[in-house]
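Convention: sequence-line order gives letters A, B, ...; per-chain numbering from 1.
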Number of protein chains: 2
Amino acid sequence: MRRHSLIAACARVLARDGAAGASVRLIAREAQISPGLIAHYFGGVDALIEATYAQIDQTVNAALTAAVTAAGPDPRARLDAFVTASFAPPIADGALLATWIAFWSMVGARADIARQHDRQYAAYRARLADLLGACGLPAPRQRLAAIGLAALVDGLWLELSLSPGCFGAAEASQIARAQIDRLIDCNAAAAGYLDDNPLSPPEIA
Amino acid sequence: MRRHSLIAACARVLARDGAAGASVRLIAREAQISPGLIAHYFGGVDALIEATYAQIDQTVNAALTAAVTAAGPDPRARLDAFVTASFAPPIADGALLATWIAFWSMVGARADIARQHDRQYAAYRARLADLLGACGLPAPRQRLAAIGLAALVDGLWLELSLSPGCFGAAEASQIARAQIDRLIDCNAAAAGYLDDNPLSPPEIA
DNA sequence: CCCGTTGTTGTACAGTCGTGCAACAAGCCA
DNA sequence: TGGCTTGTTGCACGACTGTACAACAACGGG
């Protein structure tokens with residue numbers, strides 16, 4: 001209970017002040033408790049940040065699972081829902097991006113954070129590979145396709161959150177779905193998705 | 001001269017200790033000078049980091065230009081050289097990633113940094129759009145294609161630098177080139193590029 | 001009632017942070 | 001040689017950092 005409110009406060013501070021501001025005192029003030037308590041519950045600020053990272057990852061996975069489940073049984077619809085949800089709240093969110101960047105900044109310096117990142121990202125890619133396999137992508141192609149699709153979605157998500165004025169969530173989703181078209185069936189008439197006129201296939205209409 | 005050696009030292013510290021370790025004293029010790037000097041040359045540590053970012057961006061652009069120029073006149077070869085160079089030194093480098101992440105972490109908090117990021121990324125995308133246009137991609141498709149390709153290359157570069165054990169530079173280049181195939185000519189027999197057997201087009205050979 | 005456990009506080013400590021400043025070295029021109 | 005500019009140093013300052021620890025409140029079982 002207290003642990004949970006401390007994690008939430010840590011996430012808020014990370015979002016507001018970045019990695020540099022994630023100090024014991026700031027987090028404690030945010031959670032309206034005394035600074036000593038975070039040592040009492042987590043043993044140190046590093047463990048709190050680590051727990052916050054795990055919690056954020058869990059939130060993202062829950063949101064993705066909900067979107068995929070709501071999409072019904074059709075494999076392609078599930079994959080589309082996965083990427084579309086990646087560009088909508090609560091995933092495409094400034095606070096979440098700031099938290100994630102704070103973690104990336106620790107990967108280079110701390111081995112335990114690096115290991116946690118590797119684990120989480122491997123699970124993310126495995127999930128994409130499963131969804132791609134359900135759409136009929138042969139097993140030998142799944143690994144590289146999942147790496148590529150994960151990189152595309154991540155890159156779009158990053159830039160979408162970093163400078164929101166350049167392109168929109170609908171366009172990001174459009175780009176990702178066009179790539180999925182090409183991954184699954186290279187001969188699909190999907191080129192129209194990449195025209196600038198959004199949300200309508202111009203060559204057909 | 002001294003400015004240059006300070007920028008280099010700042011990049012080394014950023015690479016070794018991450019954004020959190022980029023303190024005046026650490027950078028000064030790395031450059032083997034007194035802490036007061038960095039205030040004398042840059043007025044503050046923020047300006048030094050900003051200058052380091054500009055220098056890194058310049059290095060990246062120079063490396064990309066060199067790769068494209070060395071590729072000769074063929075438009076497709078130039079585009080391939082662009083993405084392949086994105087996954088090789090000096091671009092795919094821990095120091096560069098750490099500096100870049102440090103800057104991303106400031107985008108949310110500082111408006112001038114956000115503007116600098118927007119400018120640099122727009123130039124990057126414009127460059128990709130030009131290369132795509134030279135390969136015959138119609139103008140109305142260039143914008144979204146450039147956004148998607150930039151996101152893919154960025155996502156691959158990020159993960160390649162963040163956890164180098166998962167996939168290699170050759171595989172990243174392979175993935176990116178396969179997407180370019182599909183962007184330029186959707187009917188190209190490019191599916192083989194996404195097989196797991198690296199560096200050879202299995203369906204042909 | 002007492003006692004031990006648990007939750008919680010506040011503070012003390014040693015360290016690092018960025019910045020400002022007085023002082024010293026060095027060149028350079030008059 | 002004198003004086004001025006520039007490069008460079010090292011330290012003092014106040015604010016901040018994470019951790020450790022003694023002390024106080026609350027509470028349930030004996």
Side-chain angles (χ1 to χ4, degrees), chain A residues 1-55 98-99 101-103 105-114 116, chain B residues 1-55 98-99 101-103 105-113:
Chain A
M1 189 56 205
R2 259 283 145 79
R3 276 181 64 98
H4 216 263
S5 91
L6 280 178
I7 287 175
C10 179
R12 284 198 301 275
V13 169
L14 242 25
R16 176 163 28 86
D17 304 310
S23 71
V24 171
R25 284 169 178 80
L26 243 60
I27 297 171
R29 194 196 307 164
E30 176 72 31
Q32 293 179 322
I33 56 154
S34 131
L37 250 199
I38 131 165
H40 180 260
Y41 276 104
F42 291 91
V45 74
D46 288 351
L48 170 56
I49 290 178
E50 210 169 314
T52 305
Y53 191 19
Q55 208 275 340
T99 314
I101 288 178
F103 290 129
S105 73
M106 301 179 203
V107 166
R110 290 183 46 189
D112 53 338
I113 299 284
Q116 191 173 345
Chain B
M1 189 54 204
R2 258 281 145 79
R3 276 180 67 98
H4 240 85
S5 90
L6 280 179
I7 288 175
C10 178
R12 284 198 301 274
V13 169
L14 242 24
R16 176 163 29 86
D17 305 310
S23 71
V24 171
R25 284 171 179 78
L26 244 59
I27 296 171
R29 194 194 309 162
E30 176 71 31
Q32 293 180 320
I33 55 154
S34 132
L37 249 201
I38 131 165
H40 179 261
Y41 275 105
F42 291 92
V45 74
D46 288 349
L48 171 56
I49 292 179
E50 206 169 317
T52 305
Y53 185 46
Q55 208 274 340
T99 316
I101 288 178
F103 251 83
S105 73
M106 302 178 201
V107 165
R110 290 181 49 185
D112 54 337
I113 300 288

Exercise. Rounded to whole angstroms, how far apart are CD1 on Ile38(A) and P on dA20(D)?
Worked result: 13 Å
Exercise. Leu6(A) and Ala31(A): which non-hydrogen atoms are nearest, and at how many Å?
Worked result: CD2-CB, 3.9 Å
Exercise. What heavy-atom pair brings Ile27(A) and Val45(A) nearest, and what distance separates the two atoms?
Worked result: CD1-CG2, 4.3 Å
For this session: Tell me what Tyr41(B) touches on the nucleic acid: a base, only sugar-phosphate, or nothing, going by heavy atoms under 4.0 Å.
Result: sugar-phosphate
Exercise. Separation of Arg29(A) atom CZ from dT9(C) atom P, in whole Å?
Worked result: 15 Å
Problem set entry | Closest non-hydrogen atom pair between Ala102(B) and Ala19(B), with its separation | CB-CB, 3.7 Å
Exercise. How close or far is atom P of dG7(C) from atom CG of Leu6(A), stated in whole angstroms?
Worked result: 13 Å
Problem set entry | Heavy-atom check, side chain of Phe103(B) versus side chain of Ile49(B), under 4.5 Å | yes
For this session: Measure the distance from CD1 on Ile27(B) to P on dT19(C) and round it to the nearest whole Å.
Result: 11 Å
For this session: Could you tell me whether Ala22(A) contacts a base, only the sugar-phosphate backbone, or nothing, with contacts defined as non-hydrogen atoms closer than 4.0 Å?
Result: sugar-phosphate
Problem set entry | Val13(A) to Gly21(A) - nearest heavy-atom pair and separation | CG1-O, 3.4 Å
Seminar exercise, completed: Phe42(B) atom CZ is separated from dG18(C) atom P, nearest whole Å, by 15 Å
Every protein N/O within reach of nucleotides 23-26 of chain D N/O, cut-off under 3.5 Å:
none

Exercise. In whole Å, what is the span from the CZ atom of Arg3(B) to the C1' atom of dG7(D)?
Worked result: 15 Å
Exercise. Taking CG from Asp46(A) and P from dT17(D), how many angstroms apart are they, rounded to a whole number?
Worked result: 15 Å
Problem set entry | Result of checking Ile38(B), Leu48(B), Thr99(B) against Cys10(B) for side-chain contact (heavy atoms from CB on, under 4.5 Å) | Leu48(B)
For this session: State, with a plain yes or no, whether a side-chain heavy atom of Ile7(A) is found less than 4.5 Å away from one of Phe42(A).
Result: yes
For this session: Taking all heavy atoms of Gln116(A) and all of Ala54(A), pick out the closest pair and write down the distance.
Result: NE2-N, 3.5 Å
When you compare the protein's N or O atoms with those of nucleotides 9-13 of chain D, which come within less than 3.5 Å of each other, and at what distance?
{"unit_1": "dT9(D)", "atom_1": "OP2", "unit_2": "Ser34(B)", "atom_2": "N", "d": "3.0"}
{"unit_1": "dG10(D)", "atom_1": "N7", "unit_2": "Ser34(B)", "atom_2": "OG", "d": "3.3"}

For this session: Answer whether the closest heavy-atom distance between the side chains of Glu50(B) and Met106(B) falls below 4.5 Å.
Result: no
